[in-house]
2 protein chains.
Amino acid sequence: MKRDERQQAIMDLLVEQGSVDLEDLAQRFVVSKMTIHRDLDELEQAGVLRKIRGGATTEAGTQFESDFRFRERRSGAAKDRMTDEALKLVEPGMTVMVNDGSTAAVLGRRLVEKRPLTVITNNAAIMDALRDESGITLIALGGTYSAKFNAYFGVVTEDALDRLRADIAFISVPAVAGMEAFHMDDEVVRAKRAMQASARQSCLLINHTRFERTALHKLCDLTDYTAIITDDTPPQAALDAMAEGGVDLIVAN
Amino acid sequence: MKRDERQQAIMDLLVEQGSVDLEDLAQRFVVSKMTIHRDLDELEQAGVLRKIRGGATTEAGTQFESDFRFRERRSGAAKDRMTDEALKLVEPGMTVMVNDGSTAAVLGRRLVEKRPLTVITNNAAIMDALRDESGITLIALGGTYSAKFNAYFGVVTEDALDRLRADIAFISVPAVAGMEAFHMDDEVVRAKRAMQASARQSCLLINHTRFERTALHKLCDLTDYTAIITDDTPPQAALDAMAEGGVDLIVAN
DNA sequence: CACAAAATCACAAAAATTGTGTTGAACATG
DNA sequence: CATGTTCAACACAATTTTTGTGATTTTGTG
């Protein structure tokens, strides 16, 4: 492994973990700590990380932390766990819908594991990822592009969904409270609803930190989902509410 | 300049020119010919080029030559000239449709010069390019992805077009004979037709080498276009046919 | 303030990249 | 088809880059 590759690998780790340990890096790449020091120095010079005692972290408050790919890969482990569960619901030959959001993007990319599949999505990241995969029939939902969500929305999206049918839809939301799911943007809500309406069953993906929160628009009731997957145990209050409402929660850990 | 950079630069030149000269490369990068030899050997090993006496060419008949990016950058000058003419038909504030194809992709990217605009397309390259441009409202047409054309097609695309309206549609085809335009794929023909039907006026972009050729499916008559732009003077027979048919040809050179 | 851990520095060792001269193969040409 | 010329391949040496080691300084912590 050459210098450049190692530095790239360090960046990958940094993006994934948010910080890296010097000692650990030296062991991982089987080089001396001095070499790692030099790598980190260069990367710091290039402005992509900040050296701290014993390792390095992502430069706080720069473009980096708000970078889409960054957010996507950060806490990637949790998303991977949720994705593992979600994939269990998918069988080769199915038609699968996936909505916007970085969690959904992670799932979208991993759908290749279940090919052949037909994948319907308005998520630009998924389109990019599955575009050239053989065994995946990619049906993109058109619409007006939203940079904020890196996905397509609007009447075009909704009309297209109205004419398509899928076996399962994977939906993610930023807020769940009680027995209801929420989202801050009404365009997004409409797209998610259209997707759920066109799929035989729907599966909700929700980060455990997002329970007990609301957002401006209510999307639907949790009873609308045939499966709800989260990455870690949510607050007791949330658990109670769902138990009482009679919905099953799959905790992936 | 390091080894990797040099090799990358060689590939860039290769993509641009189709072939590279060993002697020339040695001079350009101020290294010995032996070094260039070694670079080319490695690149050949990697399968991205083919060494020939005195230099290297793109591996004929491999994925490379049919590579989308390759075709797109090759003979880029001609496309730029056509694009110049096409852009004259666009005014800020308009709603513009652009179809599939590498020529169209070049035009799509340059539409930023006329912003603010609303751009409607099924061309994946254009989606990627305009996605994060401010002042451009990007409306993607969904559909089933076609790797061959790097664009989206099918009922989803056509239905979406049926519900949209644009000021002008830019259409490109691989074959024109007499007073008719052709394309080898019926899915693509349907999308182009739908686009033309949804635009107030249509403009055809056609490479001058593509005149006097036909393809399996007839798309439409040339009289359906309000403007026809080509990059160079076409064969006399083609000119005669168009003159007789009463259509104006804009030759951009 | 003292102690330990970590960072830096300087220098040597190792590895890689590159250039040169030579040899052999391919090419054009009469 | 023989011959001179050009170009590619090879081997080796020179050079540059990368890396490791130990000494020295800096930093953080109790």
Side-chain angles (χ1 to χ4, degrees), chain A residues 1-65 67 70 73-75 77, chain B residues 1-65 67 70 73-74:
Chain A
M1 171 174 264
K2 282 187 234 163
R3 202 142 177 282
D4 286 354
E5 293 177 70
R6 192 178 51 239
Q7 294 190 0
Q8 183 54 53
I10 291 174
M11 283 312 297
D12 286 347
L13 282 170
L14 195 62
V15 163
E16 198 173 310
Q17 306 172 0
S19 72
V20 289
D21 180 72
L22 195 141
E23 182 85 37
D24 173 58
L25 290 174
Q27 284 205 310
R28 184 188 299 262
F29 298 117
V30 201
V31 293
S32 72
K33 284 193 274 186
M34 188 66 229
T35 300
I36 299 296
H37 265 298
R38 281 189 276 243
D39 285 337
L40 296 182
D41 285 344
E42 281 184 51
L43 290 169
E44 183 170 42
Q45 190 64 28
V48 293
L49 57 73
R50 193 162 54 95
K51 261 187 105 172
I52 56 171
R53 198 176 176 78
T57 63
T58 56
E59 185 96 47
T62 61
Q63 89 296 349
F64 197 79
E65 230 176 5
D67 185 294
F70 178 79
R73 297 182 66 171
R74 190 114 159 78
S75 72
Chain B
M1 172 174 264
K2 282 188 235 165
R3 200 142 179 284
D4 285 353
E5 291 177 70
R6 193 179 52 239
Q7 294 190 359
Q8 182 55 53
I10 289 174
M11 282 312 297
D12 286 348
L13 282 170
L14 196 62
V15 165
E16 202 172 305
Q17 306 172 1
S19 72
V20 289
D21 180 72
L22 195 143
E23 182 83 41
D24 173 60
L25 289 173
Q27 284 204 311
R28 184 190 298 264
F29 298 119
V30 201
V31 294
S32 72
K33 284 192 272 184
M34 188 67 229
T35 302
I36 299 296
H37 266 297
R38 281 190 277 245
D39 285 337
L40 296 182
D41 285 344
E42 281 184 51
L43 290 168
E44 183 170 40
Q45 191 64 31
V48 294
L49 57 75
R50 191 164 56 95
K51 265 186 100 172
I52 55 170
R53 200 176 174 77
T57 64
T58 55
E59 185 98 46
T62 62
Q63 89 295 350
F64 197 78
E65 228 180 3
D67 185 292
F70 178 78
R73 294 180 68 173
R74 196 117 155 74

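Chain letters run A, B, ... following the sequence lines, proteins first, then strands; residues in each count from 1.
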Separation of Leu40(A) CG from Leu22(A) CG (nearest 0.5 Å)
5.5 Å
Rounded distance in Å - NZ (Lys51(A)) to P (dT26(D))
15 Å
Using whole Å, what does the distance between atom P of nucleotide dA7(C) and atom CG of Leu25(A) come to?
11 Å
Whole angstroms only, please: what is the CZ-C1' distance between Phe29(B) and dT17(C)?
16 Å
Measuring from atom CE of Met34(A) to atom CG of Asp39(A), what distance do you get when rounded to the nearest 0.5 angstrom?
10.0 Å
Do you know the tightest heavy-atom contact between Lys33(A) and Ala26(A)?
CG-CB, 3.8 Å
Tell me whether the side-chain N/O atoms of His37(A) come closer than 4.0 Å to OP1 or OP2 in dT8(C).
yes
Are Lys51(B) and Leu43(B) packed together at the side-chain level, in the sense that at least one heavy-atom pair is separated by less than 4.5 angstrom?
no
Is the count of non-hydrogen atoms from other residues, nucleotides or ligands lying under 6.0 Å from Glu5(A) atom CD greater than 12?
yes
In terms of heavy-atom contacts, Ser19(A) and Thr57(A) come closest through CB-CG2, 3.8 Å
For Ile52(A), which contact category applies under a 4.0 Å heavy-atom criterion: base, sugar-phosphate, or nothing?
sugar-phosphate
Closest non-hydrogen contact found for Asp21(B) with Gly54(B) is OD1-O, 3.2 Å
Using 0.5 Å steps for rounding, measure from the CZ atom of Arg6(A) to the CD1 atom of Ile36(A).
5.5 Å
Interatomic distance, Leu40(B) CG vs dT18(C) P [rounded to whole Å]:
13 Å
For the helix from dC1(C)-dG30(D) to dG30(C)-dC1(D), what is the angle between the axes at its two ends, each from 5 pairs, rounded to 10°?
40°
Are any of the side-chain heavy atoms of Leu25(B) and Leu13(B) separated by less than 4.5 Å?
yes
Pairs under 3.5 angstrom, nitrogen or oxygen only, protein versus nucleotides 18-24 of chain D, please.
from: dT19(D); atom 1: OP1; to: Arg6(A); atom 2: NH1; distance (Å): 2.9
from: dT19(D); atom 1: OP1; to: Arg6(A); atom 2: NH2; distance (Å): 3.1
from: dT19(D); atom 1: OP2; to: Arg3(A); atom 2: NE; distance (Å): 3.2
from: dT19(D); atom 1: OP2; to: Arg6(A); atom 2: NH2; distance (Å): 3.0
from: dG20(D); atom 1: OP1; to: Ser32(A); atom 2: N; distance (Å): 3.4
from: dG20(D); atom 1: OP2; to: Ser32(A); atom 2: N; distance (Å): 2.8
from: dG20(D); atom 1: OP2; to: Ser32(A); atom 2: OG; distance (Å): 2.8
from: dG20(D); atom 1: OP2; to: Thr35(A); atom 2: OG1; distance (Å): 2.3
from: dG20(D); atom 1: N7; to: Arg38(A); atom 2: NH2; distance (Å): 2.8
from: dG20(D); atom 1: O6; to: Arg38(A); atom 2: NH1; distance (Å): 3.4

Can you find an N or O donor on one side and an acceptor on the other, under 3.5 Å apart, linking the side chain of Arg53(A) with the base of dA5(C)?
yes
Whole-Å distance separating the CG atom of Asp21(A) from the C1' atom of dA6(C):
12 Å
